[in-house]
Amino acid sequence: MAQTAGTTSTTAEAAPQRFTMGYPDSWWTLDLDGHSRDAAIRRMIEGQAEGAEADREVVDALIRSTRKTAREAHARGALQVAGMVKFTEAAATLSATTVVMRVSPPEDSSTDLAELLIPVALKNSENPMGRGTRANKVELVDVPGLGAVGRATAIEDVDYWGNGTVRTALMHTIVPVPHSRDFMVVSSSTPNLGLVDAFFDLFDAISGTLRFLP
């Protein structure tokens, strides 16, 4: 996987300010600069569609949804956005996105991962989509190089471009930032539910490459 670096804010003197993440070579990292973002996204998606039997409406919808993802991620203070789009020979479309954020819980709240996952687990228990499968879990997992992290998966209906929802598989990995109350949240998603296990394996591998830099 190719390595990309990012910068985080810090709430403690000894807390790391920078991190790296690895992505497959076929993935791109979105430009979050509002002045060049939309044009860069169009070039990227149309470049992927070139030579493939991709429906023009599908390409335009992907451009709109990717722009929306980048715009909303930037508004929420995302540190990094990456993803992939592939048009197959059967005219099918494969797509996925990963958003990396750093969040700080309120000063009067717990930073215990198990406690923080309780409301997520309650929400998942009320969601019938993916119930009893890998796509509806909330757990603590041990990741080599990171230690114990929170992991939540779900299937939800997501409105990508304002013309109706798309059923989407999501994986959120919550990583404590050393020497601070902060957490890095790596959120990955794909609308390709028929390949959810394969994409979850990929999302797991991507989040496992997170490393903090001194």
- Taking C-beta and beyond as the side chain, do V158 and T165 meet within less than 4.5 Å on heavy atoms? no
- Item | D25 side chain near W27 side chain, heavy-atom distance below 4.5 Å | no
- CG-OG1 distance between L210 and T20, expressed to the nearest 0.5 angstrom: 7.0 Å
- Task: Return the minimal non-hydrogen interatomic distance between V175 and V149, and the atom names on each side.
- Result: CG2-CG1, 3.9 Å
- Kindly give the heavy-atom pair with the smallest separation between P191 and V166, and that separation in Å. CB-CG1, 3.8 Å
- Going by chain and number, the hydrophobic cluster around I118 (ILVMFWY, side chain to side chain under 4.5 Å) further includes L122
- Passes salt bridge (Lys or Arg N to Asp or Glu O under 4.0 Å), R64 versus D60? Steps please. CA-CA 6 Å; R64 290 195 300 271; D60 288 341; 5.3 Å; no
- Note on the structure: Applying salt bridge (Lys or Arg N to Asp or Glu O under 4.0 Å) to R42 and not counting sequence neighbours gives E46
- Item | Euclidean distance, S188 OG relative to M171 CE, rounded to 0.5 Å | 7.5 Å
- Please identify each residue that fulfils side-chain contact (heavy atoms from CB on, under 4.5 Å) with P178, with sequence neighbours left out. P16, F212
- Query: Other than V185, what residues sit in its cluster of Ile, Leu, Val, Met, Phe, Trp and Tyr side chains whose heavy atoms are under 4.5 Å apart, directly or through others?
  - Reply: V103, L113, L116, L117, V120, V138, L140, I174, F183
- Query: Is the closest side-chain heavy-atom distance between R71 and R76 below 4.5 Å?
  - Reply: no
- Find the distance between CZ (R67) and CG (D38) and round it off to the nearest 0.5 Å. 4.5 Å
- Under 4.5 Å between side-chain heavy atoms, hopping through other hydrophobics if needed: is there a path connecting L170 to V99? no
- Query: Are the side chains of M184 and V177 in touch, meaning some heavy atoms are under 4.5 Å apart?
  - Reply: yes
- Query: Would you say the side-chain atoms of D182 pair up with the backbone N or O of A15, donor to acceptor, closer than 3.5 Å?
  - Reply: no
- side-chain contact (heavy atoms from CB on, under 4.5 Å) filter on T209, not counting sequence neighbours, yields M1, M21
- Residues P176 and A148: closest non-hydrogen pair is CD-O, 3.7 Å
- For the residue pair V186 and T98, establish whether any side-chain heavy-atom pair is separated by less than 4.5 Å. yes
- Item | Nearest atoms (heavy-atom pairs only) where A70 meets R37 | CB-CD, 3.4 Å
- Do you know which two heavy atoms are closest between R211 and P144, and how far apart they sit? NH2-O, 3.2 Å
- Message: Test: side-chain hydrogen bond (donor to acceptor under 3.5 Å, both in side chains). Region: residues 135-155. Which pairs qualify, not counting sequence neighbours?
- Response: R151-T173, R151-D204, R151-S207
- Query: Can you name the nearest heavy-atom pair linking L202 to P24, along with the distance?
  - Reply: CD1-CG, 3.8 Å
- Message: Restricting to side-chain contact (heavy atoms from CB on, under 4.5 Å), what partner residues turn up for K86, sequence neighbours left out?
- Response: M84, L94
- Please walk me through it: do E156 and T168 pass side chain to side chain contact (heavy atoms under 4.5 Å, CB included)? CA-CA 5 Å; E156 299 179 5; T168 301; 5.9 Å; no
- Task: Determine, using the 4.5 Å side-chain heavy-atom cutoff (strictly less than), whether L146 and V100 are members of one ILVMFWY cluster.
- Result: yes
- Task: Give the other cluster members for I155, using side-chain heavy-atom distances under 4.5 Å between Ile, Leu, Val, Met, Phe, Trp and Tyr residues; answer none if it is isolated.
- Result: M129, L193
- Task: Say whether, by atom type as modelled, one donor and one acceptor occur between the side chain of T190 and the main chain of S95 under 3.5 angstrom.
- Result: yes
- Query: Got a sec, which residues hit ring-ring contact (aromatic ring centres under 6.0 Å, His included) with F199, two or more places apart in sequence or on another chain?
  - Reply: F203
- Message: Does anything in residues 125-136 form a salt bridge (charged side-chain N to carboxylate O under 4.0 Å, His left out)? List the pairs, not counting sequence neighbours.
- Response: R134-D197, R134-D201
- Looking at side-chain heavy atoms only, is the closest gap between L213 and F19 below 4.5 Å? no
- Could you tell me which residues satisfy side chain to side chain donor-acceptor pair (under 3.5 Å) with T97, sequence neighbours excluded, listed by chain and number? none
- Query: Pairs in or reaching into residues 103-115: which pass salt bridge (charged side-chain N to carboxylate O under 4.0 Å, His left out), with residues at least two apart or in two chains?
  - Reply: E107-R181
- Starting at CZ of R102, measure out to CG of L79 and round the result to the nearest 0.5 Å. 8.5 Å
- Task: Please confirm whether the backbone N or O of L62 pairs with a side-chain atom of S65, one donor and one acceptor, at under 3.5 Å?
- Result: yes
